[in-house]
Number of protein chains: 2
Amino acid sequence: MPDDRPIFVYEYPSLEVAAETVKAATSERRAFIVVGNCWVEYRGRASSTLKKGERIFIVKEDGSVLIHRSKGYEPVNWQPSGSIFYTSIKGNVLTVKAVRRAPRESIVINFDKVYLLTVLNLIDEGEFCLYASEEDMQKAILIQPEIVEEGLKLITYEKKVEPGFIDVYGVDKKGRMVVIEIKRKTAGKDAVLQLARYVDSVKGIVNRETRGIIVAPQLAKGAQKLLVTLGLDFKQLDPRKCAEIVRKTETRKLEDFYL
Amino acid sequence: MPDDRPIFVYEYPSLEVAAETVKAATSERRAFIVVGNCWVEYRGRASSTLKKGERIFIVKEDGSVLIHRSKGYEPVNWQPSGSIFYTSIKGNVLTVKAVRRAPRESIVINFDKVYLLTVLNLIDEGEFCLYASEEDMQKAILIQPEIVEEGLKLITYEKKVEPGFIDVYGVDKKGRMVVIEIKRKTAGKDAVLQLARYVDSVKGIVNRETRGIIVAPQLAKGAQKLLVTLGLDFKQLDPRKCAEIVRKTETRKLEDFYL
DNA sequence: GAGTGGATTTCGCAT
DNA sequence: ATGCGAAGTCCACTC
């Protein structure tokens, strides 16, 4: 397999050629794509069978496996990275077995026709950046606590209390403790209940008046009632605006922002 | 684009040929794969940028989009089904924009080199069956309640109580109400807390002694303490064994199994 | 259209 | 390795 081209293509190869090429590709840890008629068995955490049909089979350099049908965002079968491959040919069937340990599971894919086989040698050093994650919201609040509430002073973040971790923890302008639970999308009942538990936990420790604030772009309807019942607050905040605040501020560590 | 072949391949096509082919493919709602050097911008619920690199770009018949790097099980960028495509070429750049409404979001992928373009016409009617899901565990319990506990009689399943739905609901041999929470993998604190809420809710309604049982292959360590504290029970059950029980029984509707 | 919960979720991080 | 929570989670189902 020459190294100088980013891809190497076999159109309608024989199963023998396909088998040899797949063997070489897996042993050299190259990514490849097979399009052909196949059937699949999966055994591991669960089991599945997929009967004959034409699909896209992708193996990547790190040994992750994807089997895609012609529709749907999700693969019908897959294996996360780290699989080991066994390729064989028997009669008119090319079989690739992908085995993973921890958890032990395997995919067996059988082809009786291969329409396309391409071995890839992709160079990809391009940086990937994601904005407006929950982490961005947390950073924005640490940079500008006033976006949550005027007079809010932060004490710490990611504080461990019994049920888990408090996203942000501070004191309001009247000196009450404030526990903040951040959600990057509509906050539901579970978020409210989680916050309630945190507030209770903090109350038990600090023995001071303690408020809880949900910070999220929206509050689910059922969650609203619960919020009122439990005496918690809600502050609407757009994750994209938070991302802007974060990008505008020079990059500093989170640690630089709390007292 | 002829219809008689499952795939049509362009190796190292010009950007012009690639653009025309992509336009035709999207307008005919065909799946296609592009391998080439590209950069990507995503805007919607969040935002992301991906700098130049060689990647696999897949569009499926239902308008789902996947952009895969040479490593990793997950796509670096994607769009679920239903996207609308706008393809254009400007200078030496081929641009495909995939737009989705509800939520409004878009991916823009730009290619300056295309190594492979293949248009697919895959026939795939093969049935897919998955075993050992949580549903299988529920079915197995309905078929053979004794795998949970000797003398257990079931009343109903998927019962609505205030916090949500009870997986399975019955009476034990001593006449106590039993609420069962099923997890197909290790049950954590959240499962225990959820069950506790259900038990409380049922107690409030039936005004009778009520037990809660977690049915799962394993119980998380932190969850164990909580379980004891809250006075709940745990029954170990392997989802694969449940799947066997279900497969052995002739297929009947779930409704046939409860009193 | 919103809310709820499962998934072979995966992934990352901390213990 | 296990536990725990986020994710542009997606998806199916119900209200």
Side-chain angles (χ1 to χ4, degrees), chain A residues 40-48 64-67 72-82 100-107 128 130-138 158 160 163-165 167 181-191 194 217-224 226 239-240 243, chain B residues 42-48 64-66 72-82 100-107 128 130-138 158 160 163-167 181-191 194 218-224 239-240 243:
Chain A
V40 186
E41 295 241 344
Y42 156 73
R43 256 158 228 295
R45 289 167 293 177
S47 322
S48 72
S64 29
V65 176
L66 301 166
I67 298 168
Y73 151 84
E74 290 176 318
V76 59
N77 280 113
W78 71 90
Q79 200 91 275
S81 64
R100 178 193 183 201
R101 297 161 206 282
R104 177 82 183 185
E105 45 190 358
S106 65
I107 286 183
F128 177 72
L130 179 69
Y131 310 100
S133 59
E134 183 173 310
E135 192 187 347
D136 270 357
M137 294 184 73
Q138 195 187 71
E158 301 286 313
K160 175 101 182 94
F165 283 87
D167 289 336
E181 174 67 27
I182 302 168
K183 290 289 161 197
R184 67 170 305 287
K185 47 180 185 175
T186 305
K189 284 181 189 174
D190 48 346
Q194 201 178 352
Q218 220 190 326
L219 195 60
K221 213 144 197 182
Q224 211 156 7
L226 202 56
R240 282 165 299 184
Chain B
Y42 156 74
R43 255 156 229 296
R45 288 168 291 177
S47 324
S48 72
S64 29
V65 176
L66 302 166
Y73 151 83
E74 290 177 319
V76 59
N77 280 113
W78 70 91
Q79 200 86 279
S81 65
R100 178 194 184 202
R101 303 167 200 278
R104 176 82 182 183
E105 47 190 355
S106 65
I107 286 184
F128 178 72
L130 179 69
Y131 310 100
S133 58
E134 183 173 309
E135 193 187 347
D136 270 357
M137 293 183 73
Q138 194 186 73
E158 298 286 311
K160 175 102 182 91
F165 282 86
I166 292 174
D167 289 336
E181 174 67 28
I182 302 169
K183 291 286 161 198
R184 68 171 301 289
K185 48 180 186 176
T186 306
K189 284 182 189 175
D190 48 346
Q194 202 178 351
Q218 219 189 327
L219 196 60
K221 212 145 195 179
Q224 211 154 9
R240 282 166 300 186

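Heavy atoms only: backbone and side chains are in, while hydrogens, waters and symmetry mates are out. Lettering of chains follows the sequences in order, A, B, ..., and the numbering in each one begins at 1. What you see is a predicted model, and the numbers here were worked out from it, not measured in a lab.
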Does [X] reach a base, just sugar-phosphate, or nothing at all? Heavy atoms under 4.0 Å.
| X | answer |
| --- | --- |
| B/Ser47 | nothing |
| A/Val76 | base |
| B/Ser48 | nothing |
| B/Tyr42 | base |

Nearest-angstrom distance from the residue atom [atom1] of [X] to [atom2] of [N]:
| X | N | atom1 | atom2 | answer |
| --- | --- | --- | --- | --- |
| A/Phe165 | D/dA6 | CZ | P | 12 Å |
| B/Gln79 | D/dT9 | CD | C1' | 13 Å |
| B/Met137 | C/dG5 | CE | C1' | 16 Å |
| B/Ile166 | C/dG5 | CD1 | P | 12 Å |
| B/Glu135 | C/dG5 | CD | P | 17 Å |
| B/Glu74 | C/dA7 | CD | P | 18 Å |
| B/Gln218 | D/dC4 | CD | C1' | 14 Å |
| A/Tyr73 | D/dA12 | OH | C1' | 16 Å |

Quick one: does any side-chain atom of [X] pair with a main-chain N or O of [Y] as donor and acceptor, under 3.5 Å?
| X | Y | result |
| --- | --- | --- |
| B/Glu158 | B/Phe165 | no |
| A/Arg184 | A/Met137 | no |
| A/Gln138 | A/Asp167 | yes |

For [X] and [N], is the shortest distance between a side-chain N/O and OP1 or OP2 below 4.0 Å?
| X | N | answer |
| --- | --- | --- |
| B/Arg184 | C/dT9 | yes |
| B/Lys185 | C/dT8 | no |
| B/Arg45 | D/dC10 | yes |
| B/Arg101 | C/dG1 | no |
| A/Lys183 | D/dA6 | yes |

Separation of the [atom1] atoms in [N] and [M], to the nearest angstrom:
| N | M | atom1 | answer |
| --- | --- | --- | --- |
| D/dC11 | D/dA7 | C1' | 14 Å |
| D/dC10 | D/dA6 | C1' | 14 Å |
| C/dT8 | C/dT4 | P | 23 Å |

Check your understanding: Taking for each residue the nucleotide of DNA chain D bearing the nearest heavy atom, is the 5' side occupied by B/Ser81 or by A/Ile182?
Key ->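 Comparing both residues, the 5'-ward one is A/Ile182.
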| message | Return whichever of B/Trp78 or A/Ala102 has its heavy-atom-nearest nucleotide of DNA chain D closer to the 5' end. | response |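 Its nucleotide being nearer the 5' end, the pick is A/Ala102.
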Identify each donor-acceptor pair in which a side-chain atom of residues 217-224 of chain A lies under 3.5 Å from a protein atom, sequence neighbours left out, and give them as a table.
unit_1   : atom_1 : unit_2   : atom_2 : d
A/Gln218 : OE1    : A/Thr186 : OG1    : 3.3

Is a donor-acceptor contact shorter than 3.5 angstrom present between the side chain of A/Asn77 and the base of C/dT8?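 By the distance-only test, yes, there is a pair.
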Problem - Side-chain donor/acceptor of B/Glu134 to base of C/dG6, under 3.5 Å - result: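 Donor-acceptor pair under 3.5 Å: no.
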query: If you check every side-chain atom of B/Pro80, which of D/dC4, D/dC11, D/dG5 has the closest atom?
result: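 From the listed options, D/dC11 comes nearest.
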- prompt: Which of these nucleotides, D/dG8, D/dG3, C/dG3, is closest to any side-chain atom of A/Lys221?
  reply: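 Nearest nucleotide to the side chain: C/dG3.
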Next item on the list: Please report the shortest heavy-atom distance between B/Phe128 and A/Val76, naming the atom on each side.
Entry: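 Residues B/Phe128 and A/Val76, closest heavy atoms: CD1-CG2, 3.5 Å.
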query = Given that B/Glu181 and A/Ala220 both sit by DNA chain C, which one's nearest nucleotide is further toward the 5' end?
reply =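 Here A/Ala220 is the residue nearer the 5' end.
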Report task. With DNA chain C as reference, determine whether A/Leu219 or A/Ile107 sits nearer its 5' end, using the nearest nucleotide of each. Result ->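 Its nearest nucleotide lies further toward 5', so the answer is A/Leu219.
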Exercise for the section: Dump the intermediate steps for salt bridge (charged side-chain N to carboxylate O under 4.0 Å, His left out) on A/Arg43 and A/Glu105, then the final yes or no. Expected result: CA-CA 6 Å; A/Arg43 256 158 228 295; A/Glu105 45 190 358; over 6 Å; no
Practice item. Answer yes or no: is there a side-chain heavy-atom contact under 4.5 Å between A/Gln194 and A/Lys183? Key: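 They are in contact (side-chain heavy atoms under 4.5 Å apart), so the answer is yes.
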